Amino acid sequence: MSSVRERAIASFILKKQDFGEADQIVTLFSKEEGKVRVLVKAAKMPASKLQPMMQPLFETRVTLSGSKERTGLAKVIGVQMINNYSGILETESKLAAWYVVSELLMRALPDSEPNESLFNELENYAAFLHSAELDPSQVKQSVIQFQIKAMTTLGLGIRSFNLTVAQPQNIWFSLDRGGFTTEDSVDAIPVRWQSFQTFKILADEPYVLTNEFSTEDFAPISGLVNRFVSYQLDREIKSQQLLAST
């Protein structure tokens, strides 16, 4: 008889997919175990006690049983609410932002490798989206900010530089060189000083409600960050299309 190991993990749902007639396989991003796939038995049944708590905008403490089902997945046997971020449902742009974030984590996270710093970053961002009154342009700004911070915690951060002078004569952005540089190269794109300063604020500051960035300064950084993420993951984040339409 196989031994059963139970443990509880704090987690967000990244993806749900049907499995058989009544069950679901759920991909979680957890604080303790990283990205894991688990089985939720009878999730689609009307009488399911787990399904109401297994929702994408909930942060929950999920209790898993280590006994293996035929899928080789741990089984969810209990769920407790930690935080409800339903305020993200208030606007289309906020919900689109959450789709972008979820897809990024699905694509970027390795299986079963904890990343507590990234989990804390996701908590901070979810709380910000949930509570702040944001117009679509501010939501788009916040998504770029999350992507910058998330890639850094994954060890794939956009390269910057410490300035030894007030302002370098030229700044470029190079995918081959991993970010910003003061040296030209074949793939380098010139970047305005003000746009680089916008990037530094987004990278270094917490999530805040602001309109201080002009379109001329922010738009190039948005495009470069999205290109960088696609380059590192070797695929585009398709949910960006939803955000662009809001």
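No experiment lies behind these values; they were computed from the predicted model shown.
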Between Leu243 and the options Ile237, Leu95, Val139, the side chain to side chain contact (heavy atoms under 4.5 Å, CB included) test singles out Val139
Considering the options Leu50, Val38, Val36, which one meets the side chain to side chain contact (heavy atoms under 4.5 Å, CB included) requirement together with Val26?
-> Val38
Which atom names give the shortest non-hydrogen contact between His130 and Ile88, and what distance separates them?
-> N-CG1, 3.9 Å
Kindly indicate, with the supporting measurements, whether the criterion ring pair (Phe, Tyr, Trp, His ring centres under 6.0 Å) is fulfilled by Phe180 and Phe199.
-> CA-CA 10 Å; Phe180 295 97; Phe199 168 81; 4.7 Å; yes
Output yes when Glu33 and Arg7 qualify as a salt bridge under the 4.0 Å nitrogen-oxygen rule, no when they do not.
-> yes
Over 60° means perpendicular and under 30° means parallel, so classify the ring planes of Phe12 and Trp98, tilted if in between.
-> tilted
Could you tell me whether Glu183 and Arg177 have a side-chain N and a carboxylate O separated by less than 4.0 Å?
-> yes
salt_bridge(Arg192, Asp217) N-O dist < 4.0 Å | yes
Please say whether more than 12 non-hydrogen atoms of neighbouring residues, nucleotides or ligands are located less than 6.0 Å from CE in Met106.
-> yes
Closest heavy-atom pair and its distance - Phe29, Leu122 = CD2-CD2, 3.7 Å
Give the minimum heavy-atom separation between Glu103 and Lys238, together with the two atoms involved.
-> OE2-N, 2.9 Å
Shortest non-hydrogen pair, Asp176 vs Asp187, comes out as N-OD2, 3.1 Å
From Arg227, Met151, Arg107, residue fulfilling side chain to side chain contact (heavy atoms under 4.5 Å, CB included) relative to Gln232 | Met151
How about Asp204: does its CG atom have over 12 heavy atoms from other parts shown lying under 6.0 Å from it?
-> yes
Around Tyr207, counting heavy atoms of other residues, nucleotides and ligands shown, do more than 12 lie under 6.0 Å from its OH?
-> yes
